Amino acid sequence: MASHLVCPVVNSRDPEGLAGFWCRALGIDVTRRWSDDRGTEFVEIGSSDHPCQLLFQAATDPAPDVAHLHLDIRPSHTTQIDEVRHLRDEGAVLVADDADLPWVVLADPEGNQFCVLPTDDGCG
């Protein structure tokens, strides 16, 4: 079993403004904007010359004890449920599995949180 990295995700009070800063800093462009069904805004930046995309998501007043950067991964050859089980067997800890959200939040053995996305959620 394995997953692939979808993108680093940055929590931001102003995703549009922060994405603009990084576009100018890296010489790349906004590739996509969207909101999910809860109204959370997302801004994705990157280019064909840069294999790594960055995703900025709205977070109203991110708490100081919550990471402002996390990774999103998507299972490559298995289901989300099987990949979560596999990662937990490898030492990850379940942080949140909200039935209303399409992702599962885990933490690695050092407590760094990351999201396991469904096999295809249409967001990446």
Side-chain angles (χ1 to χ4, degrees):
M1 288 183 213
S3 293
H4 62 276
L5 180 64
V6 175
C7 62
V9 179
V10 180
N11 292 337
S12 171
R13 286 183 287 281
D14 178 13
E16 191 70 40
L18 193 56
F21 167 82
W22 283 106
C23 283
R24 293 185 302 276
L26 300 172
I28 57 180
D29 297 309
V30 170
T31 56
R32 196 162 71 126
R33 294 174 176 89
W34 74 95
S35 296
D36 67 12
D37 57 358
R38 296 174 300 127
T40 302
E41 297 173 47
F42 298 91
V43 181
E44 183 179 276
I45 67 172
S47 77
S48 58
D49 296 339
H50 296 270
C52 184
Q53 306 287 317
L54 285 172
L55 180 63
F56 298 87
Q57 74 178 16
T60 55
D61 198 24
D65 60 339
V66 175
H68 294 277
L69 177 72
H70 70 271
L71 301 178
D72 279 357
I73 64 172
R74 180 173 287 129
S76 297
H77 303 292
T78 188
T79 66
Q80 180 187 39
I81 292 169
D82 288 341
E83 187 63 10
V84 167
R85 185 178 304 119
H86 166 73
L87 293 165
R88 292 184 73 185
D89 289 345
E90 292 294 330
V93 176
L94 180 65
V95 174
D97 186 5
D98 185 334
D100 292 333
L101 301 174
W103 55 81
V104 176
V105 182
L106 299 177
D108 68 19
E110 292 195 7
N112 301 299
Q113 293 185 15
F114 61 98
C115 295
V116 180
L117 304 178
T119 303
D120 183 14
D121 67 356
C123 290

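Computed from a predicted structure; not experimentally measured.
Interatomic distance, CG of Asp72 versus OG of Ser3, reported as 11.0 Å (0.5 Å rounding). Here Thr40 contributes atom OG1 and Trp34 contributes atom CH2; the two are 11.5 Å apart, rounded to the nearest 0.5 Å. In this structure, NE2 in His70 is found 8.5 Å from CD in Gln113, a value given to the nearest 0.5 Å. To the nearest 0.5 Å, the span separating CG on Leu55 from OG on Ser12 amounts to 11.0 Å.
With contacts defined as side-chain heavy-atom distances shorter than 4.5 Å, the pair Thr78/His86 does not qualify. For the pair Glu41 and Ser35, the minimum side-chain heavy-atom distance is below 4.5 Å. Side-chain contact between Thr119 and Glu83 is absent, with no heavy atoms from C-beta onward closer than 4.5 Å. Put simply, the side chain of Phe42 does not reach to within 4.5 Å of the side chain of Arg32, judged on heavy atoms.
A donor-acceptor pair is defined here as one N or O able to donate and one able to accept, closer than 3.5 Å; no such pair exists between the side chain of Arg13 and the backbone of Ala59. Within the 3.5 Å criterion, the main-chain N or O of Val93 finds no donor-acceptor partner in the side chain of Arg88. In this structure a side-chain-to-backbone donor-acceptor pair under 3.5 Å is present from Gln80 to Pro102.
Arg85 meets the salt bridge (charged side-chain N to carboxylate O under 4.0 Å, His left out) test with Asp82; sequence neighbours excluded. Not counting sequence neighbours, the partners of Glu16 by the salt bridge (charged side-chain N to carboxylate O under 4.0 Å, His left out) test are Arg33. Under the rule for a salt bridge (charged side-chain N to carboxylate O under 4.0 Å, His left out), Asp108 has no partner lying at least two apart in sequence or in another chain. Taking Arg24 as the reference, nothing meets the salt bridge (charged side-chain N to carboxylate O under 4.0 Å, His left out) condition, with sequence neighbours excluded.
The nearest pair of heavy atoms linking Cys23 to Asp29 is SG-C, 3.6 Å. Shown here for Gly46 and Thr31, the closest heavy-atom pair between the two residues is O-CG2, 3.4 Å. Across Ile45 and Gln53, no two heavy atoms sit closer than the pair O-OE1, 2.9 Å. For Arg74 against Pro118, the heavy-atom pair with the smallest separation is NE-O, 3.0 Å.
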Practice problem: Please lay out, stage by stage, how Gln57 and Asn11 fare under the test side-chain contact (heavy atoms from CB on, under 4.5 Å). | Solution: CA-CA 5 Å; Gln57 74 178 16; Asn11 292 337; 2.7 Å; yes
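Sorted pairs that involve residues 92-102 and meet salt bridge (Lys or Arg N to Asp or Glu O under 4.0 Å), not counting sequence neighbours, are lacking altogether.
Side-chain contacts under 4.5 Å among hydrophobic residues (ILVMFWY), followed directly or transitively, place Ile73 together with Leu5, Leu71, Val84, Leu87, Leu94, Val104, Leu106, Phe114, Val116.
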